[in-house]
Amino acid sequence: MELVCLGLSHRSAPVELRERFAIPETQQGALSIELATIPGLRESVVISTCNRVEFYAVAQPGLGFEALHAALAQRGMEASGDAFFRRSCDDVVRHLFRVVCGLDSMVLGETEILGQVKKAYSAAQEARATSKHLNKLFQRAFNVAKEVRTRTNITRGSVSVGSAAVELAERIFGKLSGCNVMILGAGEMGELTAGALQARGVRSIFVANRSHDRAVTLAQTMGGKAVRFEQWHEEFSEVDILIGSTAAPHFVLTRPQLEPLMARRRQRPLFCIDLAVPRDIDPEVNDLDGVYLYDIDSLQAIADQSMEERRGELVVCEALIQKHVQDFRAWLDSEAVRTEQALHSFERRAGDSPVHGV
Amino acid sequence: MDRTALVASTLCFLAGFALSVQALRARAQGPSASTLWVTLGGFVLQTLWLYQRGQLLGRCPLTSLFDVLVFLGWSVALLYLGTGATYRLSLLGVFTSPLVFLLQSIALALPMPSVAKSVLPVNPWLELHAAVSVVAYGAFALAGIAGATLLVQERQLKTRKLHSFFYRFPPIHDLAAANRRLVYIGFALLTLGLVAGIFQGIAHVSFLRFVSLGVWVLYLFLSIALGWKRISPNRAAWLASGAFLVLLTTVWAVQLVGKS
């Protein structure tokens, strides 16, 4: 019995190639059972995400890759060339553990992949394409992912400008459900950040743009309220998070403008996110009591710092994974011995039976 | 009197401090269950010791600086255990445990006054005045801690130098709310204590009257300012932290005057 894995990922293949091999979620279970039933293979799980397509299988020794290649070729998927990687035995175990922990992801430590692998495994299991070995392997992988997340900081911190802004907002206001957001300008970054804040449940979003039509369109998309650009300060007393994202060549908000507006806010803090270049918000507003200003560089610095911290955790993660690879190897060996003993016992019993003697 | 329970309680708070620091270094979201159990254990031992002390003295154990420090530590632990979950301030245990440890260590370093059972009749107003006032001081201590934490968090936000523990402490909004609530709780208790003091005649002692009224007025202004939202959270934090330092000075001053 041999564990094999054939696949391609963002590390080895460009998106043009990955999209050719992508398998829709609804077909992953069917393909898994199709592979598991071809001669030479016993169990199979197919994982297909935007960054990877991987075929895991339990095969008869020496037949795994040949059988996989043949089966895929029959479906018009020629899985050969440098873009495809091959793993066998312990390397398969290590690779899967690394994948579910997000160590092989484009964004180190991302957690979405765990859910995707769980879905793929579930589909294969429902299609009865898995048995003892892959069930054990995948369930162990999910436990490893949980342990690595709990015991290391590989998933901690925000690694994008948008998520850094959302995390800072949560460190200021706690739950964002009571917060109102205002976007000045309809730039893409502003829209994305407001979308991330909206996903965390902010109460309402105001959009003010020089082109009012564009503000109305964006407000409708986000379920917010459009405000005329000249009148944005009229809604300001309700705003907790201000996003600057205009194309203005000068500051849209200065300290002398903000000071009287802050006086009307009854000491509520204000988080200013300036995503515009040239900047929209005068850096001097950060000196005001209760005002916290972050521009795109300072947010990027936070994201970079988090990524650096995640990289620093890699050694700890790899050590944890290595320990689990060894444990799994021990289980595989004990299984092999148990199977061999069962086989001998069966042969002995078959030899002693009266039928055999006739 | 046997100090075993008090020493064991102090060690519990030292362990609580160590566990909280460990949680902070591991970037846990809050203290582990063991931290809360250790703090609870410390609190139970404190309560046991204070009960025994009260039985020996025949009154509320607040007859010396030694007793006051232990009682203050007990109040801080009581408020922490009571408010921790409600106000999501679990990581304030990082500061609560060392504060109680410090208070009790100072107490243990002092010679424990000999126990002489009071021959005077127990005045319930005096007992109420002393006990409630010290619990109020505990609330002000926690308000001061919440304020200090808020100032640390705010400084990091303003300077954009975010240390790893920035993400582990409560949000500024929650700290400001805790600061405000603890000041209100403390002020209500202090007012009750002051009224009880007036009933038992403490108002006739000029120095104590001056100190008590001074502290009460200080927190009255702070409570009004917080209620009217006329001062920013960081100024409120400065005031709450500063006011607690003033309080500590008054405890010491009252003891000095009492001796003289």
Side-chain angles (χ1 to χ4, degrees), chain A residues 149-158 163-164 166-179 240-241 262-272 274 283-306 308-310 312-313 316, chain B residues 22-30 32-33 86-91 146-147 149-181 222 224-240:
Chain A
R149 269 200 220 179
T150 316
R151 292 183 54 185
T152 75
N153 294 320
I154 196 69
T155 59
R156 299 278 166 84
S158 307
S163 59
V166 171
E167 192 164 12
L168 282 177
E170 286 178 332
R171 301 322 303 161
I172 297 169
F173 300 105
K175 284 182 183 166
L176 299 183
S177 52
C179 292
D240 302 291
I241 302 168
M262 284 303 288
R264 283 193 256 149
R265 295 171 50 80
R266 289 177 64 82
Q267 306 303 336
R268 280 192 3 256
L270 175 70
F271 180 33
C272 298
D274 192 351
E284 275 192 19
V285 304
N286 195 49
D287 298 335
L288 291 172
D289 230 8
V291 179
Y292 309 102
L293 169 66
Y294 279 73
D295 61 24
I296 191 137
D297 279 3
S298 42
L299 290 170
Q300 187 60 55
I302 292 171
D304 291 346
Q305 188 190 340
S306 297
E308 202 51 47
E309 283 172 13
R310 285 189 184 190
E313 292 293 300
V316 187
Chain B
Q22 191 186 28
L24 202 62
R25 290 181 68 178
R27 298 190 193 183
Q29 290 296 338
S32 59
T86 313
Y87 301 138
R88 302 162 64 89
L89 285 173
S90 304
L91 262 178
T149 314
L150 187 149
L151 292 171
V152 171
Q153 292 288 81
E154 210 212 20
R155 174 148 183 80
Q156 291 192 71
L157 264 175
K158 283 278 188 191
T159 56
R160 303 184 188 109
K161 287 176 183 158
L162 309 177
H163 295 279
S164 55
F165 61 82
F166 170 80
Y167 298 100
R168 305 298 139 215
F169 283 130
I172 282 188
H173 175 271
D174 294 2
L175 286 168
N179 187 28
R180 196 168 54 240
R181 283 167 183 157
L222 189 53
I224 291 171
L226 286 169
W228 282 354
K229 300 189 177 175
R230 285 283 179 257
I231 54 171
S232 63
N234 78 324
R235 283 188 192 164
W238 274 114
L239 284 173

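By convention in this document, chain letters (A, B, ...) are assigned in the order of the sequence lines, proteins followed by strands, and residues within each chain are numbered from 1.
For A:Leu299, no part lies near chain B; criterion is any non-hydrogen pair under 4.5 Å. Interface residue A:Gln305: only side-chain heavy atoms are found under 4.5 Å from chain B. Using a 4.5 Å cut-off between heavy atoms, A:Leu293 contacts chain B through both its backbone and its side chain.
Atom CG of B:Leu162 sits about 7.5 Å away from atom OG1 of B:Thr159, to the nearest 0.5 Å.
Summarising the local packing, CZ of B:Arg235 is surrounded by 12 or fewer heavy atoms from other residues, nucleotides or ligands at distances under 6.0 Å.
Of all heavy-atom pairs spanning B:Leu157 and A:Leu168, the tightest one is CD2-CD2, 3.9 Å. The two residues A:Arg149 and A:Arg156 have their closest heavy-atom pair at O-NH2, 4.5 Å.
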